[in-house]
Amino acid sequence: MKKDFVVDNAFVYEEEKNLTVLKTSLFFANDGFTVYDCNGELVFRVDSYGPGMRECGELVLMDGHGHCLLTVRKKRPSLHQRWEGYLGEATDKGKAIFSVRRSSIIGRCGITVEMYNNNIPGGNDEYQIEGCFAQRCCTVVNVNTKQAVAEIRRKVDASTNVVLGKEVFSLFIKPGFDGAFAMGLVLVLDQINGGGDQGNGEGDGFVVVGIDQVYPTNIDI
C-alpha cells in the first residue's frame with residue numbers, strides 16, 4: 001500500500017474508518033468541532049473560537065486528549081483563499097508542510113492541496129478536493145494515484161433512515177490515509193465555505209463540481 005502524508009500514525013487505519021463530525025455550536029459560524037468514532041469515543045476536537053475567528057485566521061486541531069496535532073493558518077494576502085498547514089501548534093518560525101487553495105479551470109472548480117516536503121512519505125503528492133462541501137458531499141483524491149483517500153457525506157440516522165442536518169456529517173477515511181490530515185482539510189473547507197449551511201452550493205464561497213449527492217443508507221451515529 002502506498003503511504004500518503006501522515007500527521008500522526010495513531011490515526012492511520014488499516015480498514016476504512018467512519019468518523020462523525022459535529023459542529024459544536026449553532027449560534028456562531030465556525031464555532032468549533034468534535035469528531036467521534038463509531039464507538040462514541042472522542043477522536044479530534046477544535047475548541048470554540050467564536051465569531052472573531054475569521055479575523056484571526058488560524059485553527060488548531062487537537063486529539064481527544066487535547067494534544068495539538070495540526071495548525072491551519074490563512075495565508076495573507078491571498079487571491080485564492082490559500083491556507084497552510086503546520087505540524088503541532090505552529091509558531092511563526094515553523095515551516096508549512098502543505099497548502100490548500102482554490103483551483104479552477106473552465107467549467108470546473110475545486111480545491112487543490114499541495115505538499116511542500118519531498119523528504120517525507122507522501123511529501124510530493126498533490127490532492128484534489130471535488131464536490132460541494134456546503135452540501136456535505138465531496139471527495140479527496142490523490143492526483144498521482146487517482147485514488148479517493150477520504151470522503152465527506154451527509155449523516156444518516158441508522159434507526160430512522162433520516163438524513164441529519166448539515167451540522168453533523170460523516171468523514172470516511174480510506175485505509176492508509178491519515179485521519180488527522182483529513183480533518184485538517186475539513187477545517188479549511190469549512191473556512192473557505194464561510195461556515196454557512198445554507199444555499200445550493202452555487203454562490204460565492206462554495207466548492208462545487210459536477211458530482212451527484214450520495215447519501216449513505218446505514219451508518220451508526
Side-chain angles (χ1 to χ4, degrees), residues 5 7-8 21-25 27-35 44-63 66-104 109-117 120 122-123 125-136 138-140 143 150 152 166-167 169 171 178-199 201 203-209:
F5 168 70
V7 172
D8 192 315
V21 183
L22 175 66
K23 296 191 73 167
T24 55
S25 174
F27 299 102
F28 297 113
N30 304 325
D31 201 35
F33 288 92
T34 51
V35 183
F44 304 116
R45 80 176 201 239
V46 178
D47 285 347
S48 175
Y49 41 92
M53 166 52 217
R54 198 166 303 282
E55 287 71 33
C56 177
E58 182 173 296
L59 292 170
V60 177
L61 176 69
M62 296 177 286
D63 65 15
H67 300 134
C68 297
L69 299 171
L70 187 68
T71 299
V72 292
R73 178 184 296 164
K74 188 172 185 179
K75 186 175 178 61
R76 302 177 187 273
S78 175
L79 297 177
H80 300 284
Q81 297 196 52
R82 181 186 293 270
W83 287 70
E84 292 183 325
Y86 303 79
L87 286 176
E89 190 169 6
T91 65
D92 290 338
K93 296 182 180 179
K95 291 185 177 181
I97 53 177
F98 67 87
S99 72
V100 184
R101 62 176 174 81
R102 283 181 178 276
S103 60
S104 62
C109 63
I111 299 292
T112 296
V113 183
E114 179 184 358
M115 310 305 299
Y116 285 157
N117 192 340
I120 60 175
D125 281 342
E126 181 178 311
Y127 300 91
Q128 190 75 15
I129 305 175
E130 299 183 342
C132 181
F133 180 76
Q135 298 299 323
R136 306 301 189 250
C138 49
T139 302
V140 183
V143 173
I152 295 167
K166 295 175 189 173
E167 72 278 2
F169 54 94
L171 175 62
D178 181 22
F181 183 27
M183 189 58 206
L185 298 180
V186 169
L187 299 184
V188 175
L189 286 171
D190 187 65
Q191 289 297 303
I192 291 176
N193 185 65
D197 289 331
Q198 304 298 324
D204 182 39
F206 295 105
V207 181
V208 181
V209 188

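Basis for what follows: all heavy atoms, side chains included, without hydrogens, waters or symmetry-related copies.
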field: Sidechain N-carboxylate O distance under 4.0 Å for Glu58, Arg73
entry: yes
- request: Compare all side-chain heavy atoms of Trp83 with those of Gln191 and state whether any distance is below 4.5 angstrom.
  value: yes
- prompt: Can Val35 and Leu171 be said to form a side chain to side chain contact (heavy atoms under 4.5 Å, CB included), step by step?
  reply: CA-CA 9 Å; Val35 183; Leu171 175 62; 5.6 Å; no
message: Determine whether the aromatic ring centres of residues Phe181 and Phe98 are separated by less than 6.0 angstrom.
response: yes
message: Ile111 vs Phe133, test: side chain to side chain contact (heavy atoms under 4.5 Å, CB included). Steps then yes/no.
response: CA-CA 11 Å; Ile111 299 292; Phe133 180 76; over 6 Å; no
Donor-acceptor contact present, side-chain Thr139 to main-chain Glu130, <3.5 Å: no
statement: From the list Asp47, Val72, Leu70, side-chain contact (heavy atoms from CB on, under 4.5 Å) with Leu59 holds only for Val72
task: Measure the CZ-CG distance between Phe33 and Leu61 for me, rounded to the nearest 0.5 Å.
output: 10.5 Å
task: Start with the C-alpha distance between Phe169 and Val186, add both sets of side-chain angles, then the distance that settles side chain to side chain contact (heavy atoms under 4.5 Å, CB included), and finish with yes or no.
output: CA-CA 11 Å; Phe169 54 94; Val186 169; 3.9 Å; yes
message: Working to the nearest 0.5 angstrom, can you tell me the gap between Arg101 CZ and Glu114 CD?
response: 6.5 Å
- prompt: Can you tell me how far CZ of Arg136 sits from CD of Glu167, rounded to the nearest 0.5 angstrom?
  reply: 8.5 Å
- prompt: How many angstroms lie between atom CG of Leu189 and atom CE of Met183, to the nearest 0.5 angstrom?
  reply: 10.0 Å
query: Roughly how far apart are Thr34 OG1 and Lys23 NZ, rounded to 0.5 Å?
result: 12.0 Å
message: If I take atom NE2 from residue His67 and atom CZ from residue Arg45, how far apart are they, to the nearest 0.5 angstrom?
response: 9.5 Å
